[in-house]
Protein chains: 2
Amino acid sequence: MALEIKDILKKNKLSVTGSREKILSLFLNHEGALSHGDIEKKAGEKFDRVTVYRTLQTFLEKGIIHAIPTADNSIRYALCKDDCTEGHHHDHHIHFLCMHCHNTYCLDDIVTPEIKLPDGYVADQIDVLVEGVCKNCKASVTK
Amino acid sequence: MALEIKDILKKNKLSVTGSREKILSLFLNHEGALSHGDIEKKAGEKFDRVTVYRTLQTFLEKGIIHAIPTADNSIRYALCKDDCTEGHHHDHHIHFLCMHCHNTYCLDDIVTPEIKLPDGYVADQIDVLVEGVCKNCKASVTK
DNA sequence: TACAAAAAGGCAACATTGTTGCAAAATGTG
DNA sequence: CACATTTTGCAACAATGTTGCCTTTTTGTA
Ligand SMILES: [Mn+2]
Ligand SMILES: [Mn+2]
Ligand SMILES: [Zn+2]
Ligand SMILES: [Zn+2]
């Protein structure tokens, strides 16, 4: 596992540093997306806030993670599964926000649908956000 | 027009005040969504920042406006066209973010598609964000 | 219209979040 | 190990969002 992390960094031509390894491991060991705040808390007092910002920025640019829009001013980030490269993502899955556990999940098997736009509009990227109750919470809340 | 604004406020059991009239008129006279920052700038030095926050919050709760998620940590707001009520919105349209003019449009005629979720997931609301080039920009950028 | 109660606004103080420049430390390469 | 390059931590700052409290405005009613 520790090896896998270093490999991901090297594959992306990034030097292997403590903060990058730590933050990447957080993503690898957490189902669901993480916000900047989540990472800051989970990484503990080990790293500076600025380092977290810069690391996320770097991971984004390299296509290691992708940003997930939300309506509450708190971007979430998640690992890219496909072969995303610098500046070009191939994430055509939808995102699910659980209102109960507040986790954000990448539903990698659900492909974003085609959208027929009005004349003149050209689509470049489509994000689908579904809000509801996730599988786990549904099971635990069963009446 | 000035009458229409007062009517909207009264219909929602809100007292008619200068800031509410002003902010509501900004929405009525602007195609596309507005962020908190946009409103602060457009409203000029006339109102306190806190008043803008509180007014948007009130409009949201009353279902006068709805929030549009983005991937850049800046919520946009737009008028609700349908009969949205306190706590319950009926916005099933998609949102278009123009990468050129940076406007956000409600495409009221495009209905959000059905999404088939994995077993166990229950959807409550679906947001579709399309990023690309809008009608106006497409026309002006034609080569 | 005058009045009292209720609601909203302005202000100040504060908290949180994000950005920048720079010097110190760590990393990769030979 | 030495050196050039990259990354980090820190400090200072900017931007954004929140709260409490007092004043002003609005509203319903007499
Ligand atoms: Mn995802
Ligand atoms: Mn809309
Ligand atoms: Zn859940
Ligand atoms: Zn445009």
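Per chain, numbering begins at 1; letters A, B, ... match sequence-line order.
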I'd like a table of atom pairs between the protein and nucleotides 21-29 of chain C - only N or O on both sides, under 3.5 Å - with the distance next to each one.
from	atom 1	to	atom 2	distance (Å)
C:dG28	OP1	A:Val16	N	2.9

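Nucleotides of DNA chain D with any atom under 4.0 Å from a heavy atom of chain B span, from 5' to 3', D:dT16 to D:dT27.
Rounded to an integer number of Å, the gap from CG of B:Leu24 to C1' of C:dA8 is 16 Å. With rounding to whole Å, B:Phe47 atom CZ is found 12 Å from C:dG10 atom C1'. Whole-Å rounding puts the A:His36 NE2 to C:dG18 C1' distance at 8 Å. Protein atom OH of B:Tyr53 is 15 Å distant from nucleotide atom P of C:dT16, rounded to whole Å. The NZ atom of B:Lys13 sits 13 Å away from the P atom of C:dA8 (whole-angstrom rounding).
Each of A:Leu129 and A:Phe96 belongs to its own hydrophobic cluster when Ile, Leu, Val, Met, Phe, Trp and Tyr are linked at side-chain heavy-atom distances under 4.5 angstrom. Neither A:Leu26 nor A:Phe47 shares a network with the other; the hydrophobic side chains, linked directly or stepwise wherever heavy atoms of I, L, V, M, F, W or Y lie under 4.5 Å apart, form separate groups for each. Following chains of ILVMFWY side-chain contacts shorter than 4.5 Å, one can reach A:Leu28 starting from A:Leu14, so the two form part of one hydrophobic cluster.
Counting only heavy atoms from C-beta outward, the side chains of B:Cys106 and B:His66 approach each other to under 4.5 Å. By the 4.5 Å heavy-atom criterion applied to side chains, B:Ile8 and B:Phe27 are not counted as neighbours. A:Ser19 has its side chain out of reach of A:Lys22: every pair of non-hydrogen atoms, C-beta onward, lies at least 4.5 Å apart.
In this structure, B:His102 has its ring center no closer than 6.0 Å to that of B:His100.
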* List the steps, then state whether side-chain contact (heavy atoms from CB on, under 4.5 Å) holds for B:Leu117 with A:Ile94. => CA-CA 10 Å; B:Leu117 295 170; A:Ile94 74 166; 3.8 Å; yes
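Heavy-atom nearest nucleotides on DNA chain C were determined for B:Arg49 and for B:Asn73, and the one closer to the 5' end corresponds to B:Arg49.
Across all strands, A:Lys46 comes closer than 4.0 Å only to sugar-phosphate atoms, never to a base (heavy-atom distances). Backbone-only contact: A:Ser19 has heavy atoms under 4.0 Å from sugar-phosphate atoms and none from a base.
Screening residues 49-60 of chain B for side chain to side chain donor-acceptor pair (under 3.5 Å) gives B:Gln57-B:Glu61 as the qualifying pairs, with residues at least two apart or on separate chains.
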